[in-house]
Amino acid sequence: MDLSAFLLATLVTHVGLAGFVTGHAVLTDGDAGNWPYITLALGLAGVAGYFFYDEATAGR
């Protein structure tokens, strides 16, 4: 796979995942916060953070 194809596939995937995070927040009346932006930058790590980050126990 050449570099440009890889970068395009990565970009499309990250945008799709960020859209998924945003859509999920809208459908569940939740607050996506900064997670769509984090997902754009980090991909699956951002999605995992959105679903598993617990603000109530953060910083303890």
Side-chain angles (χ1 to χ4, degrees):
M1 175 183 281
D2 69 63
L3 181 61
S4 61
F6 172 76
L7 292 176
L8 178 63
T10 301
L11 175 67
V12 169
T13 302
H14 285 215
V15 169
L17 288 170
F20 171 77
V21 167
T22 303
H24 182 271
V26 169
L27 290 174
T28 60
D29 293 327
D31 179 21
N34 290 327
W35 290 110
Y37 304 114
I38 296 167
T39 302
L40 277 174
L42 302 176
L44 285 174
V47 173
Y50 169 72
F51 281 108
F52 299 112
Y53 180 75
D54 186 7
E55 208 171 294
T57 60
R60 285 188 182 181

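Predicted, not measured: the structure shown is a model, and the values here were computed from it.
Cluster annotation: L11 is not connected to L7 through the hydrophobic network of ILVMFWY side chains, with a link wherever side-chain heavy atoms come within less than 4.5 Å. Grouping the Ile, Leu, Val, Met, Phe, Trp and Tyr side chains by contacts below 4.5 angstrom, directly or via other members, places V15 apart from V21.
The environment of F6 atom CZ is sparse: at most 12 non-hydrogen atoms of other residues, nucleotides or ligands sit within 6.0 angstrom.
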Table please: side-chain donor-acceptor pairs of residues 27-49 below 3.5 Å, with sequence neighbours left out.
residue	atom	partner	partner atom	Å
T28	OG1	H24	O	2.7
D31	OD1	G33	N	3.1
T39	OG1	W35	O	2.7

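Counting only residues at least two apart or in different chains, side chain to side chain donor-acceptor pair (under 3.5 Å) contacts with residues 1-20 comprise D2-S4.
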